[in-house]
**Student:** 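For reference, the structure I am asking about is given below.
First the proteins, then the strands, lettered A, B, ... as listed; each starts at 1.
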Amino acid sequence: MTDTVIEARGLAKTYGDFQALKPSNFSVPLGRILGVIGANGAGKTTMLNAVLGLMSYEGELSVMGCNPSSERGKLMQDVCFIADVATLPKWMKVSEVLDYVEGVHPRFNRDKAMDFLSRTKVPLDRKVRALSKGMTVQVHLAVVMAIDAKLLVLDEPTLGLDIMFRKQFYAALLEEYFDENRTVIVTTHQVEEIEHILSDVMFIKDGEIVLEAEMDELTQQFIEVMVTPGKEEEAQKLGPISKGVTFGKTTCIYKNIDREKLADLGETRRLGLADIFVATMTGEGQ
Amino acid sequence: MNTYIALVKREILDGKNGYIRVPAILAAITIALVVLSATGLGELNLVEDFDRHEIENIGDALAMAKEREGAELPAAVTVGYWMLSVLTWMAFPFVIFFSLLGSLYEERRDRSILFWKSMPVDDWQEVLVKLFTTVLIAPLIFLAVTIAAQLIIAFFLSIVVLFQGGPVMSLWPLGLMISSWFSAIGHYVIWALWALPALAWVLFVSAYASRLPFMWAILVPVVIIAAEGMFFETYEVARWIAIQLGAWQDFAFQGVHPNIDGPRDVLGLVFGRAQWEAFTYSVTSGRFWFGLVVAAGFVFGAIELRKRAT
């Protein structure tokens, strides 16, 4: 059994003159929850599509030991994904969707899917077309969570859903689905909602991976200080990667500076992932 | 195997309007017409001769036919049932055309292709199942509907004739009916193999067109034919298409000089001799095999296009 789920060497994608993904090397091990974070059009979906065998690419890529572009059918035994748009066939009834997946997927557990659906208000005899957006996503999530896959890729899985459902979903993902034998890759704009479940994080900017780190390490690296009045100059000397003003006080963000040293300047706090992302993207964070 | 069953089931479910509803409705209309015309609306005075022979109803007509042309009657009844099935089959070419045209187009348009692609099914499996379901399963459903309709009509007429006191059993030439159903499959398969390049072309367009697949499917051959006519003043492409779509039968039956004298000969020709001629002509015809190669090319193209589609 491979412990590495994805191994990419010089993975790139070009559309004409436009380089959607610059040559990238990365590897994703088993048993992680990786958040891929980037602005719209940064290349997240391009990268994931290559991993899922949905398009051609340059470079070397191995997912679960398969070549995604030529062995997609085989790969999908171990990999499951939800794309960033609603893709469930609208003309099918919910029960027919389950019938179909049961027929083609050897690792689908119908009872599990029914268990998930029983906690929702989704009517099984209704066509997907007639379901609300939230219900459609619930059906799709019930399907993928009932598939015993090694790699689950979720591209903006909770887009357009209300906050209650988003919370429930991530809780279920963590408690009922995820274990050390699976890897989950999530992209989302609502970074705050997933940062507590992520084990790893990857930032993408303009088709380039600008940061790849473990969550624990990353959050320790970045510290924000609310500078005590009068210590502004001292704070400046330590080279903050970004500065701002809150409640009339200067706030500085530092990367890789000893926390005790910073504590002298004022009140310190750890940064959230969203702030780290913004600080990194503004360019100075690197 | 489970995979293929699930895929075919999905295809039938997706196309159930064309595959099931359309033939069922047309067959129901046919049955309704038979019922209406037999129960008084159409009195049997359509045929001039009838008055003279004191024929007042179907029972009488059947009795007279049996008496005069007893040997021909079973074949005549079988041919009659098939003529009543024509309405149902008129929709078939349209169903096949539009099913193929939508098969790889609609899934891209509504993005459900991303769901299908998240399942462990290869693109070649998807494409071949779509072709197979439309070209082979759909006509079997049509045939099943036809058979059901023929049986219902025979049953209904039996009741009518029973009351009128005619020879009911004459309405049930079961041996001929059953062999005609099987022969229909054989005929269809040969026809479909000849038409396969055209059918595969529609499938290819369905995988290629980003919009207006209907225009692509029709206009491309039309433009090619027109261009050939303009620049070379020949019509080889049009001729080729016509031959593949059915004109091949002109060649196949060249040696057949039918001596048709009554329904028995028709049946014997259509379900016996002609079928054999069609088969032997086809497998020895270069055109036939060339057509299959062209079809394979289009199918291969459709598979390659689907691999790249999202």
**Student:** Are there residues of residues 101-129 of chain B that reach to under 4.5 Å of chain A by heavy atoms, and which ones?
**Tutor:**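 Within residues 101-129 of chain B, the residues that come under 4.5 Å of chain A (heavy atoms only) are Asp110(B), Arg111(B), Ser112(B), Leu114(B), Phe115(B), Trp116(B), Lys117(B), Ser118(B), Met119(B), Pro120(B), Val121(B), Asp122(B), Asp123(B), Glu126(B).
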**Student:** Is chain A contacted by the side chain of Arg10(B), its backbone, both, or neither, given a heavy-atom distance below 4.5 Å?
**Tutor:** both
**Student:** Look at Leu88(A), Val143(A), Leu75(A) and state which one has the largest set of heavy-atom pairs under 4.5 Å with chain B.
**Tutor:** Leu88(A)
**Student:** Please say whether more than 12 non-hydrogen atoms of neighbouring residues, nucleotides or ligands are located less than 6.0 Å from CH2 in Trp82(B).
**Tutor:** yes
**Student:** Please check if the number of heavy atoms outside Tyr208(B) that lie under 6.0 Å from its OH is greater than 12.
**Tutor:**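 No, the 6.0 Å shell around OH holds no more than 12 heavy atoms from other groups.
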**Student:** Is the count of non-hydrogen atoms from other residues, nucleotides or ligands lying under 6.0 Å from Lys22(A) atom NZ greater than 12?
**Tutor:** yes
**Student:** With chain B, which of His105(A), Met55(A), Arg72(A), His140(A) has the greatest number of heavy-atom pairs at distances under 4.5 Å?
**Tutor:**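 Option with the top pair count is Arg72(A).
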**Student:** So does Lys93(A) have more than 12 non-hydrogen atoms from other groups sitting under 6.0 Å from NZ?
**Tutor:**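 Result for NZ/Lys93(A): open.
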**Student:** Checking Ala149(A) against chain B: side chain, backbone, both or neither under 4.5 Å from a heavy atom?
**Tutor:** neither
**Student:** CZ of Arg110(A): more than 12 outside heavy atoms within 6.0 angstrom?
**Tutor:**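 Yes, the 6.0 Å shell around CZ holds more than 12 heavy atoms from other groups.
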**Student:** Which atoms of Ile82(A) are under 4.5 Å from chain B, going by heavy atoms: the side chain, the backbone, both sets, or neither?
**Tutor:** neither
**Student:** Under a 4.5 Å heavy-atom cut-off, does chain B meet the side chain of Leu52(A), its backbone, both or neither?
**Tutor:** neither
**Student:** More than 12 non-hydrogen atoms from neighbouring residues, nucleotides or ligands closer than 6.0 Å to CZ on Phe300(B), yes or no?
**Tutor:** no
**Student:** At a heavy-atom separation under 4.5 Å, does Glu96(A) approach chain B through its side chain, its backbone, both, or neither?
**Tutor:**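 Answer is side chain: those atoms of Glu96(A) sit under 4.5 Å from chain B.
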**Student:** What part of Val97(A) lies closer than 4.5 angstrom to a heavy atom of chain B: side chain, backbone, both or neither?
**Tutor:** side chain
**Student:** Could you grab the distance from atom CG of Asp14(B) to atom OH of Tyr100(A), nearest 0.5 Å is fine?
**Tutor:** 11.5 Å
**Student:** Heavy atoms only, distances under 4.5 angstrom: which of Thr310(B), Leu7(B), Leu13(B), Asn2(B) has the most pairs with chain A? Name it, please.
**Tutor:** Leu13(B)
**Student:** Would the number of heavy atoms belonging to other residues, nucleotides or ligands and lying under 6.0 Å from CZ of Phe279(B) be above 12?
**Tutor:** no
